[in-house]
Amino acid sequence: MADKQESTSAAVAEASATSQEVKTNGQATEAPDSTESKAETADEEGEQEGIDALFPVTILLPHEPNKLHIMVSSQEQVHELRQSIIEMPAAFQYSCFHLEHAGERINDFIQVSDIKGVGPESEIRLVEDPYTEKEARIHVIRTRDLIGAAGDRTDTLHGVLHGISLFDNVTAASKDGDNVQASVYEFDAPANPSAALLPKEEEPAPKTVKSIALSPWNPPPYHLRQKGHLLYLLVTTNEGEQYQITSHVGGFYVNKSSNQKFDPLPRAAPKGHSAHSLLKLMKQISPSFTESFDKLLQWSSQRDPMATFQMTNAIPAAPWLVPSSSSALTQHSSDITRTQEGYLISGVDNTDTLRDWNEEFQSARELPKETVQDRVFRERFMSKLFADYADAAARGAILVARGEVTPLNPTEERDAQIYVYNNVFFSFGADGVGTFTTEGGDDAARIATGKDVNGVRLVNQFDIDGLYSPATVVVDYLGKRIVGQTVVPGIFKQREPGENSIDYGAVEGKDIVAADERFVDTFAKLSKALKVKKHPVWDKDGKRFDLEASVETKGLMGTDGRKYVLDLYRITPLDISWMEEVGSTGYEEQKDSDYPHRMTVLRPELVESLRAQKWAEWVNAELAKRQKQLSDTKAQSKDEASEKKPADASEKESEDKPEVAITEQTETTGTEGENPSESKEDEGAEAEVENRIDASAFQFALNPDAFSGQVPQTDAEKEELAADEQDVRNACTYLRDSVIPEFVNDIKNSDQPFPMDGQSLTRMMHKRGINVRYLPKVMATCDGPRLQPLRDLCIQEMVSRSFKHVAGKYLRYLPMPLTSTCIAHLLNCLLGFGLNPKPSAEVDESMKALYPEADLAFTDTTPESLRAEMEEQIARRFRFTLESDWHTRIKHLQLLREVSLKLGLQVQYKDFQFNAEQSKPEAAKVAANGTGNGVNGHASGESKKKKKKARDGSPASVASSTNALCTFTADDIVNVVPIVKDSAPRSAISEEALEGGRHSIMQNNRKIGQELLLESLSLHEQIYGILHPEVARAYSNLAQIYYQLEEKEAAVDLARKAIIVSERAIGVDSAETLSFYLNLSLFVHGSGDSKTALSYIKHALDLWKVIYGPDHPDSITTLNNAAVMLQHMQAYHESRLWFEQALGVCERVMGKNSLSAASLLFQLAQALALDNESKAALGKMRECYNIFKDTLGPDNNNTKEAESWLEQLTQNAVNIAKRDKDAQQRRLRAGIRFPTRNMALGAGTGTVEPAQPRGGKTPAIDSRSIDDLIKFIEGSDNQNKSTKKRATRGPKTRISGSN
């Protein structure tokens, strides 16, 4: 497999180099042929290696069924083969064993390809090993999990219902009902968070055993340890029999002990049972075990395996809405072994889990990365290491926040205290020692820690040889920010007098600067990657030092001889334009109205974007020079003709995809990026060599210390600094004048998805290099009704962030048992003021007595004071002033979700009542829409009786000890989970394979492209593990590519996996999960299963109501797609209802006269015609025609097509009207009166042919004008214009009347 990876990487390089040849050198006409031949050769080689890489082997087992067959990969590690074996049902009982081949023991840490003589159809023997105490403990844990005896676990990190997936429930619902039921959807119904976010209660799993626990006789005494006794267990079977079991080095057996008597020797027959595996022993002692275990396996197989696998490489997503504690989903069960798991996992001394994190990380960085095989192993090892560290650091941070870890310096102030737990160094993200006094104090320190973890992640991504960084995790928990870092060797070392504690960068503030020459070369590589220039800084004495990085970025030579980089919070320049705007350029004392801190730096994405733009400008200038030179040389006229086309292509490429152009240009120059094979092809082609652009002449770098208080000493230095500062100003101008308007314009033109919530909005902004502080600038750029939802989303994001800061202030030093009361009261002030305008915090008096020093300032908070604090935060942090009535226009449910996600809240589900004048059903509706009938969200017209009934039935009224009803109570705050930010980099090699596959497919090398895509998928799964956010995104990307390649079955399978992994790793209601559901619906529909596709769309719409509320701009396309699916199912009436809903949303969001509305009117007219509503179809098509004519002009193709349809529909309507009129006259003459006919039924169906307006023979078009025809249809016969109501189960239609 390693050879396969190397060959595919070589194929990527060949395909890439050849495509560059075609782009830059138009004369090389033989390039396409050579590309094709190379691709075919590489494809054949890769195919052959793929066949050789996977082969079947037979595993010989010591017990029945005695053998099993398994496919292995030559690249696979033996310990991975072991894992594959024990995951097969026939080998569940084995955990302590080794493998043998040809009588020789196989090392677990070598590759399968390294086993001598192993090949297809080889036999590998599984040999049971003697147990050690550790192996016995692992075996007991594994057996408990396998047989369903582990019970529920209360995890402080993961929270309630962590890592759940709803996909199976959604899919199962699609199997019920017919096509008509599949189309039914209550568009105007309020959001139902319970149905959209919570899993359904299921039948409990079959019980195989009552309990497996450690015996009270455990651990074995000394003399029995000498005889091989390891553990003593107590098992109670389903039959009620209790067995004392000895775990021995040779296996497990039933002993003679009882609860009163200790005798761990084997019991005599017939009750004496023994086995190497505890699972096999269970089958011997319990007659019903085998049957119940089979039922358990069958029960487990009903769910997708990916929905049940344990997540090991990522922290599972914790839902913000959870069932009540009385729900079967969260039922707490009795399990004595739950308290014993700490010992079973870690041993009696807890030494099994203690790790030297720093040494592990730095040793992993030093692993070889020369070959593809080396890179895969290295990245996989580091990915697992980062995941383990993030888990350990987050758990430690929670204990630190709760005060359960003793500080190393208990005499210091609370914010200055530091901790070491589980070999992780913890400190608070606050200015406890005055480091950031001039930068903004606690606010600056908090921002610096967040910037630092991003900087460490970036350095890890660069993977610079010889440069090391401490693994960093930032945890936000109950208002506290805690930083967990690996302990750098030597950081606490006492230095000699006169010796600096830092070897490179600022030592004490900026007064002392160190510049150890040993760091220059390594930091030069870092600065080049960061687009940072070498620049001078000055110490307090005016002495100049030329540094490669920001003066704030520090280098430390560890006692292990490694060069560490620390404090990466200032890797980019300050945003001087913002600082000047808010008046925080100086270092004077902060005022309350000032911006909270001076850590306003530009984002690395912006610097990269600016570099790409500068590169494009430089390339265009160079190409213009080259064109001018060519035009001046008549002798090279032929070359000029052939050069012009690729030059233009290169120019376009550099404009459209500057990042790709940089790589391509670098690789096609005669510099270090040149490919040797390409050079051979270019030998003798002097014209081609001459026309290459030397990329080494392009320079771009910024000074990260511009505007940071540096004082140059000479005029030349002042000039240099002024030039650097101007470059930074230009970058700030580029952000404001180009990046932000382009970002908004792309959303307006649907060039990128419309954000659904605050998380998706900030992620999109960050990707473009826009800081969140620019939300008001984004709002100011929005114009027109199309972007009103974006403005509302920006306001909601500012409001939720301000609440997070205010809540953090109250929670920061509050004792843990009082936090639920505090959070509930603040939520009542924010969201429940409509139900109770004067909520009061109910603090348990006994708790007050226990914590006499607790700051209970939150009890004085009122809705008015909270709003004032939030408005002050928004004014300070965003320089934006909210309207005075902003709180009456909030979307309650959506804002609750936003603040819950930002604070890590897990809120108990109930029918939240946000307003006083609503009954329970009204409460749910307002929760979904954010507003009632009035502007302030209050419903009107409710009787006092209904109000009283609503109050009496509310869960809050039961919990409250007073008569005042509140939306939230302390019991509603079930849990708080930490918000974790880690420094783990993305896998480079898996992304390279993905891009290589895409590139090959674009070059029409489909076979090699698909091979690379499969390789990318395999690499993603190997490196990250299956359950990881990056793997979900990879699944989704590959699904879209495969669907475009007409590999629909593969696309559907990958899209399903993307949803399950996304639900578990990102969140069941994340914006990404919703988009994955929409993609899957399209893929499933394309595969012919429109009914199932509709169920996925309906679930996505349910999620949309919770995430955003009604009328999201992108939902127009989704509703339109669903309508088209229904047309494919020949459900024409139901299809028309969905088109009408899409049109309604479009008119509300984009305006009635928008082109989007016209397009939907066109489709709706066709749908109405198919539904035999010819009169309504005519009216909609006329509206469409008028919009197209007024907006695009009468000569536009869209206008002409609408006109053609209008003529056809008019003629059809005239024919139907004439027929109806004649029939009516005949009835009148016969003396029989019937209701007028407004719907064409029966014979009318054959007259409407919307799909072929010009095909076939059609009646001659009436010579009268369209207006006259419509008058004739609607009024000349004095018919009643009321529309006959069609009996249907569908949702209430919204049809605007026809003219």
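Side-chain atoms are counted along with the backbone in the values below, which use heavy atoms only and exclude waters and symmetry mates.
Note that NZ of Lys283 and CD of Gln93 are 6.5 Å apart. Values are rounded to the nearest 0.5 Å. Between atom OG1 of residue Thr312 and atom OH of residue Tyr1024 there is a gap of 14.5 Å, rounded to the nearest 0.5 Å. Put simply, CG on Leu61 and CZ on Arg125 are 9.5 Å apart, with the number rounded to the nearest 0.5 Å. One distance of note links CD1 of Ile245 with CG of Leu234; it measures 8.5 Å at 0.5 Å rounding. In this structure, the separation between OG1 on Thr237 and CD on Glu239 is 4.0 Å, given to the nearest 0.5 Å. Rounded to the nearest 0.5 angstrom, Asn255 CG and Ser247 OG are separated by 11.0 Å.
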(request) Show your working on side-chain contact (heavy atoms from CB on, under 4.5 Å) between Val473 and Val980 and close with a plain yes or no. (result) CA-CA 7 Å; Val473 168; Val980 182; 3.7 Å; yes
(request) Please step through side-chain hydrogen bond (donor to acceptor under 3.5 Å, both in side chains) for the pair Glu87 and Gln83, ending with a clear verdict. (result) CA-CA 6 Å; Glu87 286 174 357; Gln83 188 65 29; 3.1 Å; yes
(request) Could you give me the CA-CA distance, side-chain angles and deciding distance for Leu1027 and Phe309, then say whether side-chain contact (heavy atoms from CB on, under 4.5 Å) is met? (result) CA-CA 8 Å; Leu1027 299 174; Phe309 285 159; 3.8 Å; yes
(request) Decide yes or no on side-chain hydrogen bond (donor to acceptor under 3.5 Å, both in side chains) for Asn259 and Gln242, but give the supporting numbers first. (result) CA-CA 10 Å; Asn259 290 335; Gln242 194 175 77; 3.2 Å; yes
(message) Quick one, Val976 with Ile823, criterion side-chain contact (heavy atoms from CB on, under 4.5 Å). Give me CA distance, side-chain angles, the key distance, then yes/no.
(response) CA-CA 10 Å; Val976 181; Ile823 293 168; 4.1 Å; yes
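Between Tyr131 and His139, the ring planes lie perpendicular to each other; the angle is over 60°, past the 30° to 60° tilted range.
Using a 4.5 Å cut-off on side-chain heavy atoms (C-beta onward), Met282 and Val209 make contact. Here the side chains of His276 and Tyr94 are not in contact, with every heavy-atom distance at 4.5 Å or above. When side chains are defined from C-beta on, Phe425 does not count as touching Thr486, because their heavy atoms never get closer than 4.5 Å. Cys822 places a side-chain heavy atom less than 4.5 Å from the side chain of Leu811. Contact of the Ile70 side chain with the Met88 side chain is registered, since non-hydrogen atoms from C-beta on lie closer than 4.5 Å. Looking at heavy atoms from C-beta onward, Pro1029 lies out of side-chain contact with Ser1062 at the 4.5 angstrom threshold. Inter-residue side-chain proximity for Ser211 and Ile336 is flagged as unmet; no heavy-atom pair is nearer than 4.5 Å. Counting heavy atoms from C-beta on, the side chains of Phe386 and Asp982 never come closer than 4.5 Å.
The two residues Lys280 and Ala275 have their closest heavy-atom pair at CB-CB, 3.9 Å. The nearest pair of heavy atoms linking Ile164 to Pro319 is CD1-CG, 4.3 Å.
By the side-chain hydrogen bond (donor to acceptor under 3.5 Å, both in side chains) test, His69 pairs with Thr58, sequence neighbours left out. Judged as a side-chain hydrogen bond (donor to acceptor under 3.5 Å, both in side chains), and not counting sequence neighbours, Asp168 has no contacts. For Tyr232, the ring-ring contact (aromatic ring centres under 6.0 Å, His included) criterion is met by His229, Phe262, not counting sequence neighbours. Taking the ring-ring contact (aromatic ring centres under 6.0 Å, His included) definition, one finds that Phe293 meets it with Phe289, sequence neighbours left out. Remark: Ile979 pairs with Asp476 by the side chain to side chain contact (heavy atoms under 4.5 Å, CB included) rule, at least two apart or across chains. Remark: His79 engages Phe109 in a ring-ring contact (aromatic ring centres under 6.0 Å, His included) (not counting sequence neighbours). Looking at residues two or more places apart in sequence or on another chain, you find a side chain to side chain contact (heavy atoms under 4.5 Å, CB included) between Leu99 and Val78, Leu81, Arg82, Ile85, Phe97, Ile106, Ile124, Leu126. For the side-chain hydrogen bond (donor to acceptor under 3.5 Å, both in side chains) test, residues two or more places apart in sequence or in another chain that qualify with Arg395 are Asp155, Asp391. Taking the side chain to side chain contact (heavy atoms under 4.5 Å, CB included) definition, one finds that Met847 meets it with Pro817, Leu818, Asp844, Leu850, Tyr851, sequence neighbours left out. Looking at residues two or more places apart in sequence or on another chain, you find a ring-ring contact (aromatic ring centres under 6.0 Å, His included) between Phe167 and Tyr1096.
Panel note: side chain Thr337, backbone Gln340; no donor-acceptor pair is recorded below 3.5 Å. Remark: the backbone N or O of Asp1069 is not paired with any side-chain donor or acceptor of Thr1073 at under 3.5 angstrom. The closest donor-acceptor contact from the side chain of Arg142 to the backbone of Phe92 lies under 3.5 Å. Side-chain N or O atoms of Ser820 include none that pairs as donor or acceptor with a backbone N or O of Asp972 at under 3.5 Å. With hydrogens and angles disregarded, a donor-acceptor distance shorter than 3.5 Å links the side chain of Glu1063 to the backbone of Leu166. Between the side chain of Ser215 and the backbone N or O of Trp217, at least one donor-acceptor pair lies under 3.5 Å. Trp357 places a side-chain N or O within donor-acceptor distance of the main-chain N or O of Asn422, the cut-off being under 3.5 Å. Put simply, the side chain of Ser900 never gets that close to the backbone of Leu905: no donor and acceptor are under 3.5 Å apart. No donor-acceptor pair under 3.5 Å is formed between the side chain of Gln331 and the backbone N or O of Ser326. Put simply, the side chain of Ser165 never gets that close to the backbone of Arg1064: no donor and acceptor are under 3.5 Å apart.
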Would you mind writing out the side-chain donor-acceptor pairs for residues 397-407 within the sub-3.5 Å range, not counting sequence neighbours?
unit_1: Arg402; atom_1: NE; unit_2: Tyr477; atom_2: OH; d: 3.3
unit_1: Arg402; atom_1: NH2; unit_2: Tyr477; atom_2: OH; d: 3.1

Pair up each side-chain donor or acceptor in residues 194-208 with any protein partner under 3.5 Å, not counting sequence neighbours, and list the distances.
unit_1: Glu201; atom_1: OE2; unit_2: Ser327; atom_2: OG; d: 3.1
unit_1: Thr208; atom_1: OG1; unit_2: Ile147; atom_2: O; d: 2.6

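Applying the 6.0 Å contact sphere to CZ of Arg267 captures more than 12 heavy atoms from other residues, nucleotides or ligands. Residue-environment remark: OH (Tyr421) stays at or below the threshold of 12 foreign heavy atoms within 6.0 Å.
A donor and an acceptor atom, one from each side chain of Ser257 and Asp263, are nowhere located under 3.5 Å apart. Using modelled atom types and a 3.5 Å distance limit, the side chains of Glu128 and His63 yield a donor-acceptor pair. With hydrogens and angles left out, the side-chain atoms of Asn313 and His1028 include no donor and acceptor closer than 3.5 Å.
We find that Glu341 and Arg144 are joined by a salt bridge, their nearest charged nitrogen and carboxylate oxygen being less than 4.0 Å apart. Salt-bridge annotation for Asp388 and Arg355: present, with a side-chain N of the basic residue lying under 4.0 Å from a carboxylate O of the acidic one.
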